[in-house]
Amino acid sequence: IRGQVPSNSGRPRANQPDSPDPPPMPSRIPLLLVFLAALVAAEPVPQPDAATILKAARLTAGLQQGDLDGNLEAGERKVPFHLSMAEGRLRFSFRDPEEHFSLDLGDDAFRFSETRDGKSGAMPLAKYAQAVRGTDVTYEDIALRFLFWPKAEVLATDRFKDRPAWKLRINNPRNEGLYAVVYAWVDQETAALVKVQGYNWQGRCVKQFEVTDVMKVGDAWMLQAMRVETLDGNDKVASRTYLRLQKPDRPSAGRRPGWE
């Protein structure tokens with residue numbers, strides 16, 4: 001029997017550098033209104049269940065559109081990549097060596113595929129826990145596979161950077177992969193995934209990542225920077241990588257929603 005995974009939020013936190021002023025969250029996306037109308041209504045409404053929140057988070061992740069360049073930054077090393085976003089699909093491209101992988105997000109399923117040496121196919125499950133170009137970001141982190149796990153529960157209404165967020169516990173339904181359980185924070189207004197902690201099969205937090213900045217692309221707000229940290233099993237940060245996306249040449253104007 002695998003080690004027990006903690007079931008509440010009373011756990012030590014890894015030491016983190018002082019955070020900058022809270023960034024705003026992306027604005028609501030029209031196709032999400034069926035979910036968000038209940039989430040942000042003025043009148044008190046019953047708390048949505050975990051399945052509803054996760055479905056809205058999946059749609060938020062998959063409904064961005066555009067092409068952006070970015071870097072995975074680990075210390076002084078920068079790994080450039082290109083991100084293409086079409087409705088429901090995120091495609092990452094790297095060079096030296098050339099590598100492409102894409103994530104197709106559907107309502108209730110996803111497809112994670114790769115293209116290497118001119119051949120395309122499903123991403124092997126054994127590769128999910130591997131680091132992308134030697135950084136703290138794994139293929140499993142990019143795949144957001146835990147958003148599709150069926151065993152989830154809402155633990156509490158929490159705060160992330162002074163904004164209300166739901167905290168969810170999501171259990172891995174199979175004895176495979178790096179994470180046995182994931183704790184996820186989802187912004188209540190936008191249904192954006194803003195923070196994640198991943199626990200291994202021995203019940204230790206081994207990975208955490210959170211949004212540190214956002215930007216406006218077209219009419220929508222989206223991730224600009226995310227901090228990804230690998231923990232040493234004793235709640236101490238062993239290494240850190242930043243995923244940063246470059247602002248478009250012609251950034252959109254407008255006030256960041258939800259922020260004064």
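Small disclaimer: the values here were computed from a predicted structure and weren't measured. Below, each value reflects all heavy atoms present in this structure, side chains not excepted, and no hydrogens, waters or symmetry copies.
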Worksheet item: So, is the end of the R145 side chain (NZ or CZ) under 6.0 Å from the ring centre of F112 and within 45° of the ring's axis?
Response: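 No, cation not above the ring by the 6.0 Å, 45° rule.
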Would you say [X] and [Y] make side-chain contact, with heavy atoms under 4.5 Å?
X	Y	answer
L168	Y183	no
V137	I142	yes
F209	R227	no
V196	V182	yes
S120	E114	no
V228	K207	yes
Q47	V154	yes

Practice prompt. Count the heavy atoms belonging to other residues, nucleotides or ligands that lie under 6.0 Å from NZ of K127, then report whether that count exceeds 12.
Written response: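 Enclosed: over 12 neighbouring heavy atoms sit under 6.0 Å from NZ of K127.
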How close do [X] and [Y] get, counting heavy atoms only, and between which atoms?
X	Y	answer
A180	N200	CB-O, 3.6 Å
Y139	A131	CE1-O, 3.9 Å
A74	T241	CB-OG1, 3.7 Å
A152	L54	CB-CD1, 3.7 Å
D96	R133	O-NH1, 3.4 Å
G177	W201	O-NE1, 2.9 Å

Worksheet entry | salt bridge (Lys or Arg N to Asp or Glu O under 4.0 Å) contacts in which one or both residues fall within residues 68-78, not counting sequence neighbours |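 Every salt bridge (Lys or Arg N to Asp or Glu O under 4.0 Å) pair that includes a residue of residues 68-78, provided the two are not neighbours, is E73-R244.
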Worksheet item: Thinking salt bridges, do R163 and D187 make one under a 4.0 Å N-O criterion?
Response: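 A salt bridge is present here (some side-chain N lies under 4.0 Å from a carboxylate O).
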Discussion item. Can you tell whether the side chains of K161 and E210 come within less than 4.0 Å, N to carboxylate O?
Written reply: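 A salt bridge links K161 with E210.
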Spacing of [X] atom [atom1] and [Y] atom [atom2] [to the nearest 0.5 Å]:
X	Y	atom1	atom2	result
Q246	L83	CD	CG	11.5 Å
C205	K236	SG	NZ	15.0 Å
K195	T212	NZ	OG1	13.0 Å
R169	Q197	CZ	CD	12.5 Å
T135	R240	OG1	CZ	14.0 Å
K55	D49	NZ	CG	11.0 Å

Worksheet item: Would T230 and Q208 satisfy side chain to side chain contact (heavy atoms under 4.5 Å, CB included), going step by step from the backbone distance to the final call?
Response: CA-CA 7 Å; T230 298; Q208 58 188 18; over 6 Å; no
Fill in: Donor + acceptor pair across side chains of D158, W185 (<3.5 Å)
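Yes, a side-chain donor-acceptor pair sits under 3.5 Å.
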Item to complete: Indicate whether the side chain of R174 and that of N172 have a donor and an acceptor atom separated by less than 3.5 Å.
Response: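 Per modelled atom types, R174 and N172 side chains form no pair under 3.5 Å.
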Discussion item. Before you tell me yes or no, could you show the steps for T138 and V132 under side chain to side chain contact (heavy atoms under 4.5 Å, CB included), namely the whole-Å CA-CA distance, both residues' side-chain angles and the distance that decides it to 0.1 Å?
Written reply: CA-CA 5 Å; T138 66; V132 178; 5.6 Å; no
Fill in: Ring centres under 6.0 angstrom apart (F146, Y179)
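Not close enough - the centres of the two rings lie 6.0 Å or further apart.
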Can you check whether [Y]'s main-chain N or O pairs, donor with acceptor, with [X]'s side chain at less than 3.5 Å?
X	Y	value
N171	P173	no
R95	E98	no
R89	L103	no

Discussion item. Could you walk me through whether I170 and K151 satisfy the side chain to side chain contact (heavy atoms under 4.5 Å, CB included) test, starting with their C-alpha distance in whole Å, then the side-chain angles of each, then the deciding distance to 0.1 Å, before giving a yes or no?
Written reply: CA-CA 6 Å; I170 315 170; K151 297 181 179 180; over 6 Å; no
Worksheet entry | Set of side-chain contact (heavy atoms from CB on, under 4.5 Å) partners for R91, sequence neighbours left out |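 R91 satisfies side-chain contact (heavy atoms from CB on, under 4.5 Å) with S84, S93, H100, S102 only.
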Discussion item. For F81, give me all partners under ring pair (Phe, Tyr, Trp, His ring centres under 6.0 Å), at least two apart in sequence or on another chain.
Written reply: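 Testing F81 for ring pair (Phe, Tyr, Trp, His ring centres under 6.0 Å), a comparison that skips the adjacent residues, returns F92, F94.
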